[in-house]
J.: 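Attaching a single structure in structure tokens format; questions to follow.
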Amino acid sequence: MRASQFFIYSDKSTPAEAEIISHQLMLRARLIRKVASGIYSWLPMGWRVVSKISEIVREEMDAAGGAEIFMPAVQPADLWQQSGRWAAYGAELLRFSDRHGREFCMGPTHEEVITDIVRAQISSYRQLPINLYQIQTKFRDEIRPRFGIMRAREFIMKDAYSFDTDAAGMANSYEAMRAAYCRIFDRIGLKYRMVEADSGAIGGNFSHEFMVLADSGEELILYCQESGFAANVEQCPQLPPSSAPSASAARPAAQQTMEKIHTPNVKTIAELAEFLPEALRPEQNMKTMIVCGDNGSAAVLLRGNDSLNLIKAGNQAEIGDNARLASLAETQQLIGAGFGSLGPVNMPLPLIADYALHHAADFACGANEDDYHYTGVNFERDCPLPRFADLRNAAVGDPSPCGKGTLLGARGIEVGHIFQLGDKYSQAMNAVIDAPDGSQHPILMGCYGIGITRIVAAAIEQGHDENGMIFPDAIAPFSLIICPIAAQRSPAVRLAAEEVYQALRAAGVDVLLDDRDLRPGSMFAECDLLGIPHRLTIGERGLQNGEVEYKQRQEKEVTLVAQTAVVEFIQERLQSATRPGSSVDRAGPS
RNA sequence: CGGGGUAUAGCGCAGCCUGGUAGCGCGCCUGCUUCGGGAGCAGGAGGUCGUGAGUUCAAUUCUCGCUACCCCGACCA
């Protein structure tokens, strides 16, 4: 490809709307252009990156036994009504009507359509297992799109769906996808981690996320160096007190008497810690939250410096699904006191305490009366002994749930998510098969997503410096760029650049020849901004010795290469750069 | 959905308070000089000032409506 014929532009100034580095660089390098909020055009340079990612995904999906299909972006309400999601899905589902008044939506995902395809074709266990996938545009009407491509409303996703006869088959299909995902992210060349995850709204009970590691990542990953355990903070369990080695002792005996103290305007744990004596630091205070769910309400007790995990709260029988914090009005009606003054003493609701409070004694808490707290409170003596459960978000420094080490933290960007769906959709939409034993039952499904376009942003978040993007070789828009210096006035440079370009093309190298006759500074700055991993500079200075200059994007120093040996040299560099494994951190549960 | 802000040339911004039909930097075009990390000089092109109404002799500027975009919030007591 010649730069003069390619759509290659860049800008020195950073667009005001872009908050994160990947968005800024993508706009500056003209990878994308915004069309509307959360909706972008991919321009040629950006589309090459997307295409390279898609191709790797496609190859590995095919290798893992997937068959590619292409489903419509526009889906009829009818299918969504069959699965029950027309009502269940909220405002993120973009709905509209056609000229006849029939209702449609833009697909945020394709379980309904794929289940409809499969139920029409598959009636016997003999036809299974199968795995169908597509690379398609999705639309989710996010409340607030931001961070450019990272959280866009329209985006490209690879979604695969597996169909099996029984649970063992579904587990096999899931494992095949898990392995394929590792190969995909190995090949793309990003540092990532596979973590245990919550299955969220899609359903099912077994799920992993693939997270690209980047300091700017929105998700917190907790992992254990010793065992390789890794989990999303939303999902990471904590050990029950009985099995946590550091907390196996009995609860200390009460030392203090319970005392009611006036605490005007003390609403937060920080304010309480400020107000109380030195000895009562936040972790010795107890905070109490009222959580409501489908089964009812409960008072949830946590250490002052811990944070509530609503997913875990929803797993408690007293609370149930759709767990949420009570509103101020609800709290005042139920308890007679507002936020910040709640506690377990004389609490009319069931008490559930986090494991971390199992050994709490002489603690401070709200008095269920505005502007009053108790100190010296003890379970059993002053209030009932609560039921203990895993309720808090795990944190860096906790004992790892694997029992072997301590949890460390890392930030990540979710780029892949795999689920076992079971019969959630096949049951609702009547996708059943005849089993070997003559019975009929719903097909067991799995679904497997990769955010193709988000990977571009994640790669830039992970790989950039003050000069621009640093793409891994496998997904860079071009592998190599040739920069001729002052070609217009040097026939020798022009000729050499052309020869090298043709030779590399013939050797199958993905090479861009910058034939725009820019000044060297502009050319180099643009190369760096675009993150093209390898660069050959051809100038009169080197040609006098029959040499051209090679530079790798991240290296400061250049290497002189004989013009006659350049193809061989470049091929060797490209091969060593794409050799997998070296830069990949692939710890995770096995 | 609530709060705040913005809308002026391809991009980044000034002008508006105090009304008189628009300017800067980058980019773009022409010429000359340059040519190894976003060159210099000279000349030039490019704007119904988001949109609709109102006030006024006169509105980019003041007033109101609308639209789009951005930020914050919408769970940690």
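Per chain, numbering begins at 1; letters A, B, ... match sequence-line order. All heavy atoms count here, side chains included; hydrogens, waters and symmetry mates do not.
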J.: Looking at A/R28, I'd like to know whether one of its side-chain N or O atoms comes within less than 4.0 Å of OP1 or OP2 on B/rC11.
T.: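 No, because none of the side-chain N or O atoms of A/R28 sits under 4.0 Å from OP1 or OP2 of B/rC11.
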J.: What's A/A326 touching, base or sugar-phosphate or nothing? Going by heavy atoms closer than 4.0 Å.
T.: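 If one applies the 4.0 Å heavy-atom cut-off, A/A326 turns out to touch a base.
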J.: Using a 4.0 Å heavy-atom cut-off, does A/R33 contact any base of the nucleic acid, only the sugar-phosphate backbone, or nothing at all?
T.: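 No contact.
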J.: Taking only side-chain N and O atoms of A/K34, does any of them lie within less than 4.0 angstrom of OP1 or OP2 on B/rC70?
T.: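 So the side chain of A/K34 is within the cut-off, an N or O lying under 4.0 Å from OP1 or OP2 of B/rC70.
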J.: To the closest 0.5 Å, what do you measure between CD1 (A/I460) and OG (A/S22)?
T.: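 So the CD1 of A/I460 and the OG of A/S22 are separated by 6.0 Å.
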J.: Identify whether any heavy atom of A/K556 sits under 4.0 Å from a base atom; if not, whether one sits that close to sugar-phosphate; answer base, sugar-phosphate or nothing.
T.: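 Answer is nothing: A/K556 stays at 4.0 Å or more from every strand.
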J.: Quick one: A/L27 CG to B/rG10 C1', roughly how many Å, whole number?
T.: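 Nearest whole value for this atom pair: 13 Å.
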J.: Is A/E19 touching bases, backbone alone, or none of the nucleic acid, heavy atoms closer than 4.0 Å?
T.: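 Counting heavy atoms under 4.0 Å across all strands, the contact made by A/E19 is with sugar-phosphate only.
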J.: Can you tell me the distance, in whole Å, between the CG atom of A/D141 and the P atom of B/rC1?
T.: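 Roughly 11 Å, once rounded to whole Å.
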J.: Which part of the nucleic acid, if any, lies within reach of A/L529 when heavy atoms closer than 4.0 Å are counted: base, sugar-phosphate only, or nothing?
T.: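 Base contact.
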J.: Classify A/N467 by what it touches in the nucleic acid, base, sugar-phosphate, or nothing, heavy-atom distance under 4.0 Å.
T.: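 Nothing: the residue A/N467, judged by heavy atoms under 4.0 Å, touches no strand.
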J.: Examine the base of B/rG12 for any acceptor or donor lying under 3.5 Å from a partner atom in the side chain of A/D11, and report the outcome as yes or no.
T.: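 Counting by modelled atom types and ignoring angles, no donor-acceptor contact under 3.5 Å is found here.
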